[in-house]
Each structure stands twice: as structure tokens, then as C-alpha cells.
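One structure is given here, and the rest of the page talks about it.
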Amino acid sequence: MSTRKDVPSGTLDLLVLRIVARGPIHGWGLMKRLGDLTDDVFQVTPGGMFPALQRIEEYGWITGEWGLSENNRKARFYTITKAGRRQLAKEEDHWKAITLAVSRVLEGA
Amino acid sequence: MRHVSQAVAMLRRWFGGGARDRTLHAELESFLEHEIDARMASGMTPEDARRTALAAFGGVQQVKEQVQEARLGAGLDAFVRDLRCAARTVRRSAGLSLAVVGSLSIGIAVTVVAYAFINAAMFRDLPGITDQERLIHLEIRRLPDGRPPGNVMSAPADYLALRSGLSQLVTLAASSTQLVAVELPEPRSILGLRVSENYFDVLGSHPSLGRTFLPEEGQPANAAVAVISHTLWRSAFNGDPAAIGRPIRVAGVVVHIVGVTSPGFGGAAVRLGRQAPDIWLPLAAAGLASNAATAPDPARLSFVARLKDGVDAAEVLAAARVLASGLAAAAASQSGSASVSSIALFRPAHRPTTILIVMIIPTLVLVIACVNAASLTLARGSRQRREVAIRLAIGAGRGRVVRQLLLESVLLTCVAAGVALPLAWFGLNAAGGRLGVSMPIDATVLGWTLLTAAISAVASGLAPAFRVTAHAPLRALSVSRGAIWDTPAELRGKRAIVVAQVALAIGVLVSGTQLVALVEGQGGSGGTPADRLFMASFDLAQLEFPPDQAGAFYQRLLDGASRLPGTDAVGLARRTAVWTFGRGSGSGSVVVWAPGRRPEVVNGGYAGGDLFAALGLGLVAGRTFTAADALDGPHVAVVNRAYAEQLPERQALGRTIRVRPYVQSQRLSDEEALAVSREVTIVGVIESAGERRITQDGKPVGKIYLPSPLGPEPALTLYVRSRGRAEDVAPSVRALVSRIEPRVPIVEMGSLAAYNERSMGPEPWLARISALLGVVALVLAAAGLFAVVSYSVTQRAPEFAIRLALGANPLDLLRLVVAQSMTTVSIGFLLGGSLALIVRRLIAAQFHGAAGIDALAFGESSALLVAVMLLASAVPAIRAARVDPVANLKDG
């Protein structure tokens with residue numbers, strides 16, 4: 001599938017934070033949601049996502065809690081923390097600034 | 001903020017790593033189940049769903065590893081993994097690892113000992129002394145003819161003049177060393193220091209118990225007090241605090257113990273190899289009449305002073321010179337001089353040189369140890385080379401592989417340091433007692449040790465690590481092994497190092513055993529074995545016995561000792577009458593006029609009881625003394641063979657000679673001398689007792705013995721030939737003495753062997769250290785040979801395989817390898833043997849009467865070397881003989 005792309009480096013944290021910020025979600029759901037939201041453009045494997053989740057959790061931006069998923073299975077649900085929201089805001093601003101700058105260059109060229 | 005949370009996360013992970021891994025596992029399981037559920041929902045069969053989900057997932061273990069690497073402080077995890085891996089490799093090649101650890105631990109231990117010595121001797125204050133840098137020794141001299149050396153001014157008046165005359169000093173203290181008789185309660189003779197009452201204050205020394213001297217204790221009326229050493233307090237009072245205030249008898253006078261010095265305190269005159277004092281008494285203490293037999297220079301005071309702040313030694317020196325000239329001029333029109341020196345063991349100006357000298361051999365040993373360790377590591381690394389090549393081929397960075405190999409060296413060095421420190425500690429404890437200086441392993445020494453270990457680890461690990469990883473994996477995996485190994489030149493270099501090590505080992509070993517033989521040959525010996533001759537020395541002068549009482553004491557001692565069970569023969573003589581025990585010829589006892597010879601001082605003198613039988617010295621001609629000879633002063637004499645041979649025509653028997661007692665510092669005119677002399681006839685000649693001195697001509701010294709004393713003899717030694725071990729006689733002699741006269745201390749007692757050992761000071765000990773260093777060098781050389789042979793055996797495995805395939809006997813291979821290494825060893829052996837010969841020539845040139853190369857010692861050393869070297873080459877050679885031809889030919 002030529003339409004599928006790797007997540008641009010450094011943006012996975014932003015995307016994960018954004019999705020988790022909408023409500024508690026488990027790993028599998030997160031990966032599905034990422035595919036749905038980007039029309040499967042971004043290809044994230046478990047080998048890419050779990051390390052990111054681990055890292056973000058260690059920074060204290062999200063926390064994990066065991067619970068039951070919609071199909072009645074045990075799953076670890078992630079929730080965003082206060083620090084996570086601050087970080088999300090920061091990264092969103094950062095991202096917007098960059099894309100704005102890039103698109104200006106592209107339009108102007 | 002982020003750093004804090006990172007730190008917290010890291011801590012959490014260290015302490016809860018297992019739980020987190022379990023959580024991760026469960027989470028991945030849950031993920032997979034959700035994936036399978038989703039696939040089944042889209043119509044797959046459960047089996048298909050599971051299979052495809054797993055395939056898409058890409059392996060649970062891999063994901064886990066990716067997560068672990070993403071964790072904070074993942075570098076640390078990698079480090080721990082590398083460490084585990086290194087530990088595994090080290091364990092797998094246990095023999096080589098052991099050799100590396102052995103080699104390095106010896107190298108490190110030797111350097112630690114050197115560091116501790118340098119640290120203790122140069123950079124730490126002497127034990128119990130504060131601010132040593134401000135302390136000086138001061139000496140003033142009177143120059144009768146205006147030129148040095150002159151005579152030392154050390155009278156109490158000189159002390160008072162110095163103390164009041166030098167404004168540059170905070171204080172000045174005086175001290176004088178002598179042996180004192182104490183009763184604790186059993187009589188003993190110990191080294192004492194009579195000091196001015198301010199001595200401890202000058203040194204800034206605080207007692208560990210009680211107090212030091214008070215100003216009023218400088219007055220004779222208040223001076224019946226003593227401070228004892230920590231060592232004496234522990235040994236004689238079992239460390240009992242109640243020792244303070246206890247009365248003891250010192251030279252017959254009751255004094256009270258007022259304090260115990262701090263541990264290790266030995267005063268300001270600490271010198272290497274010199275015994276430390278055990279008791280301090282005020283200079284003003286009465287009843288401490290000193291005696292020429294126990295204190296070589298009893299009246300001499302030494303001065304130690306503390307400089308005022310801002311004053312340097314040069315200013316004090318200038319002032320002291322003026323003062324000395326004034327003092328000298330006051331007595332007669334003479335000039336004076338002064339000298340000032342640091343109280344440190346080594347003068348600051350000498351320190352760099354001393355450090356250099358002390359560090360040469362340890363550094364050499366360490367370098368050899370590192371070279372050995374490096375070749376051993378290389379030998380091990382070349383076995384790992386394929387493994388390393390595979391790791392490189394599948395994408396491991398070279399840096400990572402080098403790091404891991406280096407880590408192995410660090411690990412081995414840590415183990416080596418762990419072995420070396422206790423080793424050094426034992427060595428230092430043993431040496432400290434002998435040298436009279438405690439050499440602790442303190443933070444400074446520990447720091448240097450760590451630095452040394454780190455350098456050793458890098459030095460022995462870096463080169464092999466780069467070499468092992470140096471070749472492209474493709475070559476290492478495909479090309480014939482021989483192509484990437486050492487060039488012949490490199491192999492020759494390695495063998496040259498082994499040759500040098502073997503040469504050094506045999507050279508040091510032979511020279512060391514020579515030195516031991518030489519020093520032991522210096523000890524006194526007679527017909528009686530040194531471990532069966534018991535000696536006990538007395539000095540009644542300290543107790544101020546009248547001469548007749550002293551004579552009676554010795555007579556009763558002689559009679560009593562002859563009746564003791566287990567004794568063969570008992571005699572009495574001066575301590576230096578038979579052997580000088582290193583006191584030199586200056587302590588002679590009789591002035592002799594013999595026909596054809598000038599008046600001379602000869603050692604010997606009174607020989608009471610059965611002295612010659614006790615010593616085991618046989619009669620050569622004539623007779624020994626009879627009871628009748630002892631009556632009415634001496635009129636006959638017995639000389640030893642050495643003396644007899646000096647007489648005209650070597651004829652001693654029947655000759656008449658004149659003798660008089662020799663008193664040091666006594667000048668007599670010829671008439672006076674003749675008046676106190678008497679004529680004796682030589683009636684017997686005995687064998688000469690052995691006592692080679694490296695500082696004298698090797699020939700035995702002439703001795704002359706008389707049946708009764710020429711004058712008062714307050715200090716005599718009892719010689720007992722025992723049937724069993726000499727030491728077994730000690731308790732009954734002690735009991736006998738306390739029966740006769742409880743106040744009399746035994747100045748020194750023990751077997752002749754023990755006397756010999758004590759009299760030689762640090763010499764035998766240093767000789768033994770050289771021999772020990774020889775063993776160290778031997779062990780290192782063995783490790784070096786082992787390394788080179790192991791390496792070359794691994795390298796030549798394909799060659800051996802071909803030989804075996806062509807029908808060679810494994811024994812032939814063994815012989816081949818061993819023969820080759822023995823060639824290397826023989827070259828080193830020849831070089832080292834020559835080295836030993838040169839050293840021996842040097843010794844012989846320096847010291848008369850030095851023993852020739854002791855064939856037995858040389859043979860023993862050589863046999864030991866050959867045996868160790870055979871073993872070191874046989875172990876890898878056996879491996880060579882076990883080469884599997886098929887596997888090796890396929891590899892090649």
C-alpha cells in the first residue's frame with residue numbers, strides 16, 4: 001500500500017497524547033483509532049507504539065490503569081495527566097508553528 | 001521537572017523492574033487478544049485469526065525488547081547486559097581469566113604496597129604528631145679546630161640555653177634514649193625515652209588515656225611519673241584503663257603511670273627499622289643511672305622544636321648558629337655550628353628521588369603484569385574472534401563490541417584489585433612491624449590504587465579489544481585463520497617479552513636467595529645449633545648494684561642454671577664477648593699487649609662457667625679453664641684460633657701477654673695503663689665462632705678469654721646449651737632469676753637464632769623481600785609464557801590439524817610446543833643467570849666475605865623455574881594435542 005506512511009519522527013508522542021486526551025483508551029484501541037483518524041495513512045506497529053507509550057508514561061504525561069474493555073477483556077487504559085495536557089498544548093503549538101512555516105515556504109516557492 | 005520525573009521513573013524501574021515487565025507482558029497479551037477478536041469479527045476462523053495476528057504483531061519478545069530499550073536509562077540496562085555477558089565470557093575461559101587476575105593482582109598489590117609506604121613515610125604526619133611540617137630537629141656543635149664535625153653540645157645547660165635563646169620557636173624539647181629496667185610486675189628491660197616535660201606539647205601529641213607530663217614534673221621532686229606506649233599498655237596491661245595511676249618500678253624506683261600514648265606514637269625520632277620506645281620518663285627522673293653497656297651514648301640529648309608561625313627553618317638555623325658560637329666561645333675560644341632538619345622520615349628534598357627509587361620495581365612489575373594480561377586477553381580474544389565477527393556481521397557497532405571486550409578487562413581488573421588489596425594489607429602489616437612504621441591503606445592510597453587499577457584495565461584491555469575487532473567480519477569469517485593472525489615479527493616480540501621476564505625472574509630469584517644466604521651467614525654460629533643455644537642478657541648497672549653484689553648474683557645464676565633440667569652446659573660472658581651482633585669491633589673489652597704486636601683492643605674477656613662447652617667451641621690445643629684458674633684474678637687465658645694465628649709463628653700456647661680492662665673514653669698514660677694491667681699465660685686455643693660480617697673482612701675475629709673478670713662486670717649474658725628447643729629453657733631461667741633477685745630484669749633473651757634475627761635489623765627482611773620478589777617475577781613470567789603459548793597454540797590449530805591428519809602423534813605435538821617454549825625459557829635463563837652473576841660480583845665487590853654463588857640455592861631456583869615453566873607451557877600444549885583435525889581443517 002503506497003499510501004501508508006511512517007509517522008513523521010517526533011510526532012508520535014503528539015498524536016498519542018491527543019488521542020488519549022479525549023478519554024481513557026487501551027493500546028489496541030489507540031492503534032486502531034490512529035489508523036481510523038488518518039485513514040490508515042500512518043502505519044504504527046506494536047513495536048513502534050508500545051515503546052512510545054512506555055516513554056510517555058515514564059515522563060508522567062499519561063497513566064495506565066487495568067480495566068475491562070468493550071468486548072469484556074482485561075486491558076490497560078491510559079489517561080492523560082495534568083502534565084500531559086500541558087505537554088500536549090506545548091507540542092500542538094510547536095507543530096502548528098512548524099506546519100505553518102513549512103506550508104508558507106511551499107506556497108511561496 | 002522532567003529530570004525529577006525521569007529520576008523517579010528510573011528509581012521505580014530499578015526497584016520494580018520485574019513487576020513492570022510482567023505488566024508489559026500482560027498488556028501485550030491483551031493487545032493480541034483484541035487483535036484476534038477483531039479479526040474473528042471480520043469473519044476469520046479462530047486459528048487463522050491467531051496466526052495472522054501473531055504475524056502482524058511481529059513477535060512478542062522483539063516488541064518487549066524494543067520497549068525495554070525505549071525505557072529511560074536504557075543505557076544502564078545495556079551496561080548490565082554487557083556486564084553479564086562479560087562475566088559469562090570470563091567464566092567460560094576460566095584458566096586464562098585466572099592467569100589475568102593472578103598477573104594483575106600481583107602487579108597491583110606490589111604498587112599498593114609502594115604507595116602505602118610512600119604515603120606513610122612522606123605524606124602523612126608521623127603517628128600521634130600534629131602539624132609535623134612545623135617541627136624540626138636541632139643540633140648544635142662545638143668545633144675545637146674550627147671545622148666540622150666537632151662535638152655535639154647536648155648537656156642540660158646547652159638545652160636550657162637553646163630553650164631560652166631562640167625566640168623563633170614556640171617551644172623546644174629534649175630527649176634521650178636508653179634501655180630501662182621496669183617491673184610490670186615481672187622485670188623487663190624496655191626502650192625508654194627520657195624527655196623534657198614539654199615533649200608531648202611540642203609534638204602536639206595527645207594521650208589516648210590519662211595525660212602527658214605537667215610542667216612541675218620537670219622538677220626532680222615531682223618526676224616519679226611515666227607515660228607508656230599504647231603497645232605496652234595493650235601487652236602488659238591488657239588495655240585496662242585502670243593502668244592509669246598504677247605504680248611500677250623503673251630502675252628500682254617507684255613511678256606512677258599517668259598516661260598512655262596514642263596508638264603508633266613513637267616520638268619524633270622515628271626511623272625505619274628502629275624499635276619505638278615503650279616508656280617516657282621525665283628527664284628529671286632520679287635513679288636512671290645509665291650505663292655504657294645498654295646505651296651507646298647515654299648523656300646525649302636530642303632537641304626537637306616547633307617553629308612559630310611565619311618563621312622558617314633558615315631563620316632558626318641562623319639564630320642557632322649565633323647561639324652555638326656563643327656557647328662554644330664561653331667555654332673556650334672555639335667556634336660553634338648548628339644544623340636544622342625536618343623530623344620527617346625522608347627530607348623533603350630527597351622525596352622525589354626516593355619516590356622514584358621506591359616506584360621503579362613496582363612499576364616494572366605492574367607493566368609486566370599488564371603486558372601479560374594483554375597477551376592473555378588477546379589469546380582469549382582470538383578464540384572469541386569468530387563470535388565477535390558474527391556479532392559485527394549482524395550489525396553490532398564496533399564501539400559496542402570494543403566496549404564489551406573492555407568491560408571484560410575492567411571486570412578482571414576489579415577482581416584483581418579485590419585480591420590485591422588484602423594481599424597488600426597483609427604485606428604492609430608484616431612489614432610495618434619490622435620497619436617500625438605503620439603503613440595504613442588510607443583514602444589517598446585507595447584512590448591511587450583505583451587509578452592504577454583503571455589504568456591497568458585500559459592498558460591490558462584496549463589494545464586486545466581493538467585487535468580482535470579490527471578485521472572486517474567477512475575476512476574473519478571466510479579467510480583462512482592464519483592470514484589475520486600475528487606476523488612473525490609480532491610473535492617474536494611477544495617471545496622477547498617472555499625472555500625478558502624469565503631473565504628477570506631467575507636473576508631476581510637467584511640474587512634474592514643469595515642475599516638471604518649472605519645475610520643469614522652473618523649471624524653468629526658456633527658448634528651448638530642456633531636453635532639450641534639459649535641466651536639471656538642482664539644489666540645490673542641500671543639497678544645500681546654494688547660490684548660484689550653483682551658478682552654474687554651472677555655466681556648464683558650460673559650455679560642455678562647448671563642445675564636446671566634440660567641443660568647441657570652453662571656459661572657466662574659479655575653480650576658481645578662471642579659475637580658482636582652487629583655492634584662492630586668498637587665494643588671490645590680487653591686491651592692486650594702481645595709479643596710482636598702493638599697494644600690492641602680485643603673482644604672477649606671474662607668467660608664464666610662452661611662457656612666453651614655451652615657454645616660448642618671445641619678445644620684445638622692446650623686446655624680450657626679449671627676452677628683453680630678463677631681464684632685470685634686471671635693469670636691464664638684462652639684464645640681462639642683466629643687470634644692464635646695472628647701471633648708470631650702462629651704459636652699461642654705458653655705465651656705470656658699483658659691485659660687490662662678496656663674502658664671507652666678512658667685515656668691512660670703508658671705508666672697508668674701498665675699499672676692496671678696484669679700478665680696472663682695462654683693455656684688453650686679454641687675454635688673460632690662464626691660471624692661473617694659483610695662490612696668487615698670475612699675472616700673470624702680474634703678473641704681472648706679470661707677465667708675471671710678483670711674489673712666490675714655488671715652486664716653479662718647467660719649462655720645455656722639446651723637439650724631440646726632453646727626457648728623451652730626460658731620459663732625456668734625466668735623463674736630462677738626471680739628466685740635469686742626479683743628486681744633484676746632480663747634485658748633480652750631467646751635462642752641464638754632469635755638474637756641473630758634481632759641484631760640484623762631490617763637486612764634479612766629486605767633480603768627475603770628480594771627473594772619474594774623473585775617468586776613474584778617467576779609467577780609473572782609463568783603467566784607470560786602461558787599467555788604466549790596459549791595464543792600460538794590457538795593460532796597454529798590448523799597447522800596441528802594438518803600434522804595430525806598426516807599421521808603425527810599427539811605426543812609429538814606436545815613435545816613440539818613444549819620444546820619451543822623451553823627454547824624461549826632457556827634464552828631467558830641464560831640471560832638471567834648472567835644477570836645474577838653480575839649482581840653477585842657487585843655484592844662481592846662491595847662487601848668482603850660475601851658468599852659465593854650458592855650452588856644449592858641456584859639449583860633450587862632453577863629447578864623451580866623450569867618446573868613452573870614446563871607447567872605453564874604444558875597446559876596449552878595439551879590443548880594443542882587434542883586438536884580436532886576435522887573441525888579445524890574445515891574452518892581453515
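Naming convention: chains lettered A, B, ... in sequence-line order (proteins, then strands); numbering from 1 in each chain. Given the structure is predicted, the values throughout are model-derived calculations rather than measurements.
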Quiz item: Are more than 12 heavy atoms from other residues, nucleotides or ligands located less than 6.0 Å from atom CD of A:Glu92?
Solution: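 Check passes, neighbour count above 12.
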Practice problem: Kindly check if the number of other-residue, nucleotide or ligand heavy atoms within 6.0 Å of CZ (A:Arg18) is above 12? | Solution: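 Yes, the 6.0 Å shell around CZ holds more than 12 heavy atoms from other groups.
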Quiz item: Nearest 0.5 Å, what's the CD-OH distance between B:Glu27 and A:Tyr78?
Solution: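 Nearest 0.5 Å value for the CD-OH distance: 3.0 Å.
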Quiz item: What parts of residues 29-37 of chain B touch chain A if we use heavy atoms and a cut-off under 4.5 Å?
Solution: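 Answer by number: B:Ser30, B:Phe31, B:Glu33, B:His34, B:Glu35, B:Asp37.
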Quiz item: Taking all non-hydrogen atoms of both residues, which atom of A:Trp66 and which atom of B:Thr23 are closest, and how far apart?
Solution: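 It is CZ2-O, 3.8 Å.
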Quiz item: Given that the side chain runs from C-beta out, which part of B:Ala26 has a heavy atom under 4.5 Å from chain A: side chain, backbone, both or neither?
Solution: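 When you check distances to chain A, atoms from both the backbone and side chain of B:Ala26 fall under 4.5 Å.
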